[in-house]
Amino acid sequence: MLNIQAIKKDFPLFEHEKNLVYLDSAATTLKPRVVIEAEKEYLERYSANIARGLYPLAEKATKKFEMVREKVATFIGAESAREIIFTSGTTDALNLVARLLTSQLAAGDTIITTVMEHHSNFLPWKELAKKNVLDFRVIPLTEEGTIDIEILKKSVDEHTKIVALSAISNVLGTINPVKKITTLIKNINPNTIVIIDTAQAVSHMPINVSEWNADFVAFSGHKMFGPTGVGVLYGKLSLLETLPPVSFGGGMVLDSCADETLYKEAPYRFEAGTPNIGGIIALGTAIDYMESIGMENIQTHEHALTLSALKRLQETFGENIHIIGSTHPEKRSGIIAFTLGGIHPHDIASVLGEYNICVRAGEHCTTPLHRSLGLHTTTRISFSIYNSEGDINKLITILEEIQTIFNK
Ligand code: PMP
């Protein structure tokens, strides 16, 4: 059991917004004080550049920065810190993989993704396929709201170069069986590169990329209690070592005077230019913070809230509420998207907003998914460690009011 009152005290926003009910952690999590302090400490006390200066402040910044690389590697079960590339977020990480893999493509290759993907894990593949005139396949959902594994099985063959899918859908909350899917794909074609968008999983469940046997994994700092503008691309070292860099500049070169420029080894060859140093140092603190609570405790807490919210919403609104996503609560994370009667999700979110209840309304950057379900927009709530049953009570009370007002 998490002590929610104590956890809320870790987040300064709750001091400034006394009656805040924050149900939009899938968009971005709130930031604990320790993370804010870590970034501030870098900016105030040792804001030197990394990997360049030879004076103590620069050495301190470099050491702290590289310690985060080690910490991220351990946190996600990578075999080596050399498999961790810092990016500006999930979107940047996925676009980087798409550019890195351009050199690996050949005529006749196929790229596969799924209909539940966020635009960030859909458009880079659609564009890559288009640019290289490759076959682009989109795996549909089963009626239960999960990836249709039978169709996936039939779609993977000797031509499949890339399969990209999410660990958890940002709308359906579906937890995809990543290890099972990766094994299935690699059994059919061991050369297929499997890419996992972990943006919605990384702060909600323990992750082990080595067990998944994924080739690339992407996530954002701001969805795991860290700052915006930082993210991670994990890549299997054996694969990274074969890939040429695609961005060029400072910090990634060994010798640029010869005809052939000599680049640093992975991951540095993929990190041209000065990164968001303070943000990445604070990301390390965010990992410490999550680990102090325990990833399994976080998962248990959010799961209990999800089961309770699903039950309460169904009991209160009956046939008027349409909850999308897996019909198996056990396969869901703390994300619930729904429609309520004929009320526009923007109206629902605006009225809830007047009570300082923050939810998301729209397509949540998943147009293919919404269209496949015959929907334009939905309202989405999402849980994190600072949410409680009290938040669900407040949400339901105001949703009932909204239903009454709009049905008059
Ligand atoms: N993938 C998923 C599943 C997401 O939920 C998000 C953010 N909503 C992204 C990718 C993109 O993340 P970012 O905007 O931090 O790059």
Side-chain angles (χ1 to χ4, degrees), residues 22-31 35 72 76 85-99 113-127 138-139 141 145-147 163-176 178 181 194-205 207 209 212 214 216-234 275-276 279-280 282-283 286 302 324-326 331-337 349 358-370 377-384:
Y22 189 74
L23 294 171
D24 198 19
S25 293
T28 196
T29 55
L30 302 182
K31 317 302 170 210
V35 167
V72 171
I76 63 167
I85 302 168
F86 288 118
T87 68
S88 70
T90 309
T91 307
D92 185 34
L94 292 167
N95 278 278
L96 173 59
V97 196
R99 278 184 289 137
T113 186
T114 88
V115 76
M116 69 165 72
E117 301 312 311
H118 187 281
H119 290 158
S120 297
N121 197 30
F122 189 88
L123 296 177
W125 313 120
K126 188 178 171 189
E127 291 296 333
V138 181
I139 306 300
L141 300 183
T146 53
I147 290 174
V163 178
L165 73 143
S166 47
I168 292 180
S169 151
N170 68 313
V171 178
L172 306 170
T174 306
I175 304 170
N176 289 319
V178 174
I181 292 177
V194 180
I195 298 154
I196 309 296
D197 173 352
T198 309
Q200 291 300 343
V202 68
S203 72
H204 303 284
M205 62 190 247
I207 278 170
V209 294
W212 278 351
F216 288 100
V217 173
F219 51 92
S220 299
H222 72 97
K223 291 187 200 282
M224 53 193 287
F225 310 106
T228 51
V230 295
V232 170
L233 175 64
Y234 156 87
N276 181 348
I280 285 165
L283 175 66
E302 292 176 7
I324 63 170
S326 177
K331 292 183 186 163
R332 295 187 73 120
S333 75
I335 293 175
I336 302 174
C358 307
V359 305
R360 177 91 186 262
E363 291 180 334
H364 322 301
C365 305
T366 57
T367 318
L369 175 67
H370 275 76
T377 51
T378 48
T379 305
R380 180 185 75 184
I381 61 171
S382 49
F383 295 120
S384 186

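Both counts, for ligands and for their atoms, begin at 1 and track the order of listing. Just so it is clear, the model here is predicted, and its values are computed rather than measured.
- At a heavy-atom cutoff of 4.0 Å, ligand 1 is contacted by no atom of E117, backbone or side chain.
- Heavy atoms only, all atoms of each residue included: A164 and W125 are closest at CB-NE1, 3.3 Å.
- Using a 3.5 Å distance cut-off with no hydrogens or angles, the side chains of H364 and T366 do not pair a donor with an acceptor.
- Closest non-hydrogen pair, I335 versus A26, comes out as CD1-CB, 4.1 Å.
- Residue-level proximity to ligand 1 for S166 is absent, since no heavy atom of it falls below 4.0 angstrom.
- Of the protein's non-hydrogen atoms, the one nearest atom 8 (N) of ligand 1 is K223 NZ, 2.8 Å.
- Residues T367 and H119 have side chains that bring a donor and an acceptor to within less than 3.5 angstrom of each other.
- Of all protein heavy atoms, the one closest to atom 1 (N) of ligand 1 is D197 OD2, 2.5 Å.
- When hydrogens are left out, the protein atom nearest atom 14 (O) of ligand 1 is T91 OG1, 3.6 Å; that is the closest non-hydrogen contact.
- The atoms of ligand 1 that sit less than 4.0 Å from any heavy atom of S220 are 12 (O), 13 (P), 15 (O), 16 (O).
- With respect to I85, the side chain to side chain contact (heavy atoms under 4.5 Å, CB included) criterion is satisfied by exactly one of V232, L96, V97: L96.
- Side-chain atoms of E363 and H370 form no donor-acceptor pair, as typed in the model, at a separation below 3.5 Å.
- Distances between N or O atoms of S120 and those of ligand 1 include no value under 3.5 Å.
- Inter-residue side-chain proximity for F122 and C365 is flagged as unmet; no heavy-atom pair is nearer than 4.5 Å.
- Residue, atom and distance of the protein heavy atom nearest to atom 4 (C) of ligand 1 are H118 CD2, 3.4 Å.
- Taking a cut-off of under 4.0 Å to the non-hydrogen atoms of Q200, the atoms of ligand 1 that pass are 3 (C), 4 (C), 5 (O).
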